[in-house]
Every structure is written in C-alpha cells, then in structure tokens.
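Everything below concerns the one structure shown next.
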Amino acid sequence: MTMSLISDELGQASTKKKEFLGIMEKLIPWSEWVGIVQPHYYKGERGNKPYDLELMLRIYVLQHLYNLADDAARNEIIDSRAFSQFCGVDSSNQVPDGDTIGRFRHILERNQLGEAFFTNVVESLQKCNLMLKKGTIVDSTLIAAPSSTKNKEKQRDPEAHSVKKGNQWYFGYKEHIGVDADSGLVHTVETTAANVHDSNMVVELLQGTEEDVYGDSGYLGAEKKDDAILVNNEGKPIRYQINKRPSQLKKASGEKFELLKAIEHAKSSVRSKVEHVFCVIKRIFHFCKTRYRGREKLHQHCCTLFALANLYLARNRMKVA
C-alpha cells in the first residue's frame with residue numbers, strides 16, 4: 001500500500017474520540033453561536049486577516065471538552081486527526097498559535113459570552129419541551145484553584161477562598177447549579193468562593209415556577225431564611241424536599257424509621273439526577289481544577305461547560321439532523 005492509501009485508511013478509521021466529537025458536532029448550534037460571537041470579533045479592517053470565526057469557536061469548544069490550555073489545544077489539533085477533522089483543518093499552518101487562542105478566549109470572557117451560550121442552549125431545550133420547570137434540584141461542587149504563590153503578585157487568587165469539607169481543606173471556588181427535576185438538565189449556574197454556604201444560594205438558583213425544591217442535607221433550613229422564596233409565580237406554595245442527615249433518622253425506630261427511610265429514598269431518587277451533570281463535567285470533560293484567576297473567568301468557562309453538558313445529556317432526546 002502507498003503512503004497516501006495508508007493515510008486515507010487512518011483518516012476513515014473510527015475511534016471513540018471521533019465518535020464523541022461527531023456527536024458534539026451535531027448537537028452544538030454552530031450558526032447560532034457564531035452569531036452570538038460575531039459582533040464582538042475582529043472586523044479585519046486593519047492588519048492581518050483574522051482567523052475564521054467558526055474555526056476559533058471550534059477550538060474554544062475543544063478546550064472545554066478536553067480541558068486544554070491554549071498552547072495544548074494547538075498541539076492536540078496538530079497531533080490528533082480527530083481534532084483536526086473536528087476543526088476542519090488539514091495543515092498546521094491553518095492552526096492559530098496559543099496566544100491567538102488565548103486572545104479569542106479573552107474576548108468571550110470580557111463580553112460574558114459563556115453565559116450567552118448557556119442561555120441559548122437552555123432556551124433551545126425549553127422549546128423542545130425538555131425542561132418542564134415544575135421542580136428544581138439544587139446542588140454545588142468544589143472547583144479547586146492553584147494555591148501556589150509563585151506569580152507576579154506573590155499571592156493566591158484573591159477571589160478564591162479556603163473551606164473545610166470533612167477533614168480536608170480545599171482552596172478554590174464553588175459552582176452552584178439549579179437542575180430541572182424532570183429532565184436533569186441545568187437551568188441556572190452561579191459561581192462563588194468556596195466558603196459560601198450552599199443554603200445561601202438557593203434563591204439565586206430558583207426560577208419562580210417551581211412547586212418542589214430538592215437538595216441534600218447541606219440545604220436544611222433554606223426555607224427558613226429571611227430571603228427564602230416560599231411561593232412561586234402562580235402563588236402556589238413551594239415544597240422544600242430536603243434530605244435529612246443520617247443522624248436524624250437514627251433517632252426514629254420501628255415503623256416510623258421505615259417510613260422516614262422510604263421518604264428519604266424518594267427524595268434521593270429525584271435528587272440523584274444532579275450527580276449526572278457533575279459526572280459529565282468532572283469525568284467526561286475532566287474539569288476539576290481551574291487554571292484561570294478570578295471568579296468571572298471561571299464563571300464564563302463553567303457556563304460554557306454546563307451548556308455542553310446539557311447538550312450531551314439531552315443527546316438522545318433532541319431531534320438532531
């Protein structure tokens with residue numbers, strides 16, 4: 001076989017990476033996202049002609065799907081046939097350098113376009129009737145931040161904070177999300193320092209249409225706070241279905257214990273849907289630690305992550321051409 005035939009055969013070979021990128025290729029509304037970025041992108045009136053906007057957007061998406069830094073994204077596109085095909089390039093000369101990729105990312109961060117992508121996906125899912133908005137699951141996850149002081153300012157990220165969970169200390173941020181109780185898809189994302197208590201963010205995560213709110217024991221007492229939302233937009237009371245602590249169940253015995261155990265199991269069967277989202281973010285997209293300094297940068301990054309996670313989780317329910 002000639003080298004050209006071998007190359008063609010390798011290009012057509014199926015791999016898990018190609019299959020995954022093929023799925024995301026079909027799910028992402030490229031034309032709509034390009035339209036969101038277009039007003040903020042370089043016009044090309046002076047200097048060199050800017051790189052194609054969709055190419056830059058595809059590289060930005062790859063960074064989120066595989067947790068890649070700017071220079072690493074360029075290297076992977078050149079090294080990986082699956083990545084180069086996803087971006088539509090066939091030469092290293094067509095791939096921008098790390099600085100150019102970083103400048104494009106900064107454009108999206110400054111103009112809060114990560115939030116715009118997330119809003120676009122949520123609206124699309126609502127149009128497909130995949131979000132019923134009758135119940136919300138609230139939860140949060142820690143995102144570690146670099147604790148090193150080997151930088152220009154000689155200090156850790158001033159917007160991050162330390163928090164103790166169990167017997168271990170963590171430094172970083174916390175992602176708070178509101179998830180539709182029926183579909184398990186994220187409708188609200190908020191980013192705070194790691195020391196902000198979960199129950200203080202419940203109001204920010206509700207949409208006003210809920211009849212039920214689900215959460216783990218970290219949200220106990222949320223309905224008793226001064227700013228708690230107790231009725232929805234239609235004037236109906238909101239039921240806070242918060243899991244009790246295991247120690248609270250131990251106080252009961254006999255039939256009462258079995259009844260409480262069944263109630264807690266029913267709550268947990270709904271609340272468990274939120275873990276699917278975190279599984280996608282941390283296990284499939286491999287995002288557990290931020291490389292960016294500042295809450296706003298992380299927030300825009302996570303908004304895009306949860307937009308992509310929503311698309312991935314809804315892949316079997318969406319009508320994709």
Side-chain angles (χ1 to χ4, degrees), residues 29 32-33 36 112-141 143 173-192 196-243 266-281 295-296 298-314 317-318:
E32 295 178 26
W33 284 22
I36 290 171
Q112 300 179 331
L113 299 187
E115 283 187 38
F117 294 151
F118 179 75
T119 300
N120 171 263
V121 169
V122 171
E123 290 175 350
S124 298
L125 294 171
Q126 288 174 347
K127 289 177 182 177
C128 296
N129 295 319
L130 293 180
M131 284 192 180
L132 302 180
K133 301 194 292 185
K134 293 297 183 181
T136 288
I137 309 166
V138 292
D139 207 348
S140 68
T141 187
I143 303 294
Y173 293 91
K174 192 179 281 187
E175 286 300 316
H176 307 264
I177 62 173
V179 172
D180 183 74
D182 292 286
S183 63
L185 302 174
V186 185
H187 59 65
T188 310
V189 179
E190 295 291 340
T191 306
T192 67
V196 175
H197 197 275
D198 293 350
S199 62
N200 293 337
M201 295 300 297
V202 174
V203 174
E204 307 294 331
L205 301 176
L206 302 185
Q207 294 187 303
T209 59
E210 295 89 357
E211 296 177 4
D212 296 280
V213 176
Y214 299 86
D216 61 26
S217 57
Y219 294 91
L220 283 170
E223 72 277 15
K224 298 178 183 178
K225 291 185 174 291
D226 294 338
D227 61 346
I229 300 175
L230 301 179
V231 295
N232 61 22
N233 296 340
E234 297 178 357
K236 296 180 180 179
I238 297 175
R239 296 183 294 267
Y240 281 77
Q241 312 273 18
I242 309 301
N243 282 115
K267 294 177 187 176
S268 297
S269 64
V270 176
R271 197 190 64 78
S272 63
K273 293 177 184 177
V274 76
E275 303 301 340
H276 302 172
V277 180
F278 291 142
C279 177
V280 172
I281 297 296
R295 188 199 69 83
E296 186 58 31
L298 174 62
H299 182 61
Q300 297 306 316
H301 184 85
C302 286
C303 281
T304 304
L305 274 174
F306 284 110
L308 294 170
N310 271 350
L311 292 172
Y312 183 76
L313 288 168
R317 291 170 278 177
M318 294 178 67

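Numbers here are sequence positions counted from 1. Since the structure is predicted, the reported quantities are computational estimates derived from the model, not experimental observations. Side-chain atoms are counted along with the backbone in the values below, which use heavy atoms only and exclude waters and symmetry mates.
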Rounded to the nearest 0.5 Å, what separation is found between the [atom1] atom of [X] and the [atom2] atom of [Y]?
X      : Y      : atom1 : atom2 : result
Thr191 : Tyr173 : OG1   : OH    : 9.5 Å
Lys174 : Arg295 : NZ    : CZ    : 15.0 Å
Lys134 : Asn232 : NZ    : CG    : 8.0 Å
Ser272 : Tyr214 : OG    : OH    : 11.5 Å
Asp216 : Asp198 : CG    : CG    : 6.5 Å
Cys303 : Glu190 : SG    : CD    : 8.0 Å

Would you check if [X] and [Y] make a side-chain contact, meaning some heavy-atom pair closer than 4.5 Å?
X      : Y      : value
Val189 : His299 : yes
Lys225 : Asn200 : yes
Leu313 : Ser183 : no
Ile238 : Leu230 : no
Thr188 : Phe306 : no
His187 : Met131 : yes
Asp139 : Glu275 : yes
Ile177 : Leu205 : no

(request) Verify the distance criterion only: is there a donor paired with an acceptor across the side chains of Gln300 and Gln112 at less than 3.5 Å? (result)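 The answer is no; no qualifying pair exists.
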(request) Would you sort out whether Gln241 and Arg271 count as a side chain to side chain contact (heavy atoms under 4.5 Å, CB included), showing the intermediate values? (result) CA-CA 9 Å; Gln241 312 273 18; Arg271 197 190 64 78; over 6 Å; no
Residue pair [X] / [Y]: nearest heavy atoms and the distance that separates them:
X      : Y      : result
Ala228 : Glu223 : CB-O, 3.5 Å
Asn120 : Pro29  : OD1-CG, 3.5 Å
Ser217 : Ile242 : CA-CG2, 4.4 Å
Ala116 : Ile36  : CB-CG2, 3.7 Å
Val121 : Trp33  : CG2-CZ2, 3.7 Å
Ala181 : Lys273 : O-NZ, 2.7 Å

(message) Just to verify, which of Val179, Leu130, Leu185, Val280 counts as forming a side-chain contact (heavy atoms from CB on, under 4.5 Å) with Asn310?
(response)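 When side-chain contact (heavy atoms from CB on, under 4.5 Å) is applied between Asn310 and each of Val179, Leu130, Leu185, Val280, only Leu185 qualifies.
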(request) Quickly, which of Leu298, Val277, Leu305, Val186 forms a side-chain contact (heavy atoms from CB on, under 4.5 Å) with Glu175? Name it, please. (result)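 Checked Leu298, Val277, Leu305, Val186 against Glu175; only one passes side-chain contact (heavy atoms from CB on, under 4.5 Å): Leu298.
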(message) Would Tyr219 and Val213 count as a side chain to side chain contact (heavy atoms under 4.5 Å, CB included) here? Give the steps.
(response) CA-CA 10 Å; Tyr219 294 91; Val213 176; over 6 Å; no
(message) Using the rule given for side chain to side chain contact (heavy atoms under 4.5 Å, CB included), can you reason through Ile281 versus Tyr312, listing the C-alpha separation, both sets of side-chain angles and the distance that settles it, and then say yes or no?
(response) CA-CA 10 Å; Ile281 297 296; Tyr312 183 76; over 6 Å; no
(message) Looking at Glu210 and Gly208, would you say the former's side chain and the latter's main chain have a donor-acceptor pair under 3.5 Å?
(response)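 At least one qualifying donor-acceptor pair exists.
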